[in-house]
Amino acid sequence: MPITPAQLARSLGALGLLDVEQGLAGTLQQVLGSAKTLFDADRVGLMLVDQAGALGWASASDGMAEARSGDLNVPVQVGGGPVGSLDVYVIAPRRWEDSEAAALHAYAGLVASLLVAAVTARVTGRLADQLQAAFEHRLLIEQAVEILVDREGLDAQAALAWLGAVARSSGCPLIQMARDVVGGVPLPSDRLAQARALRREATDLEVATHRRDSELHEGAARSYERRGQAGRAQTERLQAAAARGRIIDAEAERRRADAEP
């Protein structure tokens, strides 16, 4: 379901004034509830690195969440390092659009700003303690993510999700798994294969979407030409060319995902 910039702006604007000093938990739940409506999702959750160094539930749109990766997720970055992830959960299968990923990144940025404000305001409580731990661990996790990006041919989002999945499946804290990666310990190859397969599938869908857009714009251009509307035809052809450029970029990413480490 594509999300337009106007829809995103209305969704963020409807939140009004957010004040973490009035309660970090309630403020985060308000933001996640707004994101749930925008994405027409079953749940939107926030996971943060906790005191034990594990990636665990922090907040959710409905007050409940599971400590697992969502169907669409992006890192929550603070000070150049990840402190957790923002996850969208849906029951029915869905093909995610680039605009949806961009919108979730915008919400992740808002969440990150609220977390920084909470630390600055010295907000207290369980969530504040978990947040402080996440801030302390973020640089090591960022190092591990950068290594996985370089060594395994993943993007940062997939690398963080993979790191969390391996930690949960092995019963090992996320921060310890990050230390292992920084120390040169390889992660399980089956997890790598799964991560690459998911990345290839997502890239194939992205290529198909851009190819369809290119064809639609070319068809519209021909239609405008038949009606003598040369200006509109030119605009459509430029949009078709832009879509073909995105195909080239996506196919380059697919080759990168297929490459051996």
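Only this structure's heavy atoms are used, side chains among them; waters, hydrogens and symmetry mates stay out. Please read all numbers here as calculations on a predicted model, not as lab measurements.
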#### Entry: Partners meeting salt bridge (Lys or Arg N to Asp or Glu O under 4.0 Å) with R10 (sequence neighbours left out)
none

### Query
How would you list, by chain and number, every residue that makes a salt bridge (Lys or Arg N to Asp or Glu O under 4.0 Å) with R237, sequence neighbours excluded?
E218, E225

State which residues pass side chain to side chain contact (heavy atoms under 4.5 Å, CB included) with [X]; sequence neighbours excluded, sorted by chain then number.
{"X": "A35", "result": "F39, V44, Y107"}
{"X": "Q239", "result": "H217, T235, E236"}
{"X": "E215", "result": "R211"}
{"X": "E97", "result": "P2, R95, S99, E100, T209"}

How long is the gap from [atom1] on [X] to [atom2] on [Y], to the nearest 0.5 Å?
{"X": "Y89", "Y": "D42", "atom1": "OH", "atom2": "CG", "answer": "12.0 Å"}
{"X": "I3", "Y": "D40", "atom1": "CD1", "atom2": "CG", "answer": "9.5 Å"}
{"X": "T37", "Y": "L32", "atom1": "OG1", "atom2": "CG", "answer": "11.0 Å"}
{"X": "L110", "Y": "L15", "atom1": "CG", "atom2": "CG", "answer": "6.5 Å"}
{"X": "N73", "Y": "S85", "atom1": "CG", "atom2": "OG", "answer": "5.5 Å"}
{"X": "Q229", "Y": "S223", "atom1": "CD", "atom2": "OG", "answer": "8.0 Å"}

### Query
CZ of R179: more than 12 outside heavy atoms within 6.0 angstrom?
yes

### Task
State plainly whether one hydrophobic cluster holds both L216 and I247, where clusters connect Ile, Leu, Val, Met, Phe, Trp and Tyr through side-chain heavy atoms under 4.5 angstrom apart.
no

At their closest point, which heavy atom of [X] faces which heavy atom of [Y], and how far apart are they?
{"X": "A108", "Y": "V74", "value": "CB-CG2, 3.7 Å"}
{"X": "L8", "Y": "A106", "value": "CD2-CB, 3.8 Å"}
{"X": "A243", "Y": "D213", "value": "CB-CB, 4.2 Å"}
{"X": "L38", "Y": "A103", "value": "CD2-CB, 4.4 Å"}

### Message
Between S34 (side chain only) and Q30 (backbone N and O only), is there a donor and an acceptor less than 3.5 Å apart?
### Response
no

### Query
How about V111 and V31: do any of their side-chain heavy atoms sit closer than 4.5 Å?
yes

### Task
Kindly indicate, with the supporting measurements, whether the criterion side chain to side chain contact (heavy atoms under 4.5 Å, CB included) is fulfilled by W96 and V90.
CA-CA 11 Å; W96 297 101; V90 294; 3.9 Å; yes

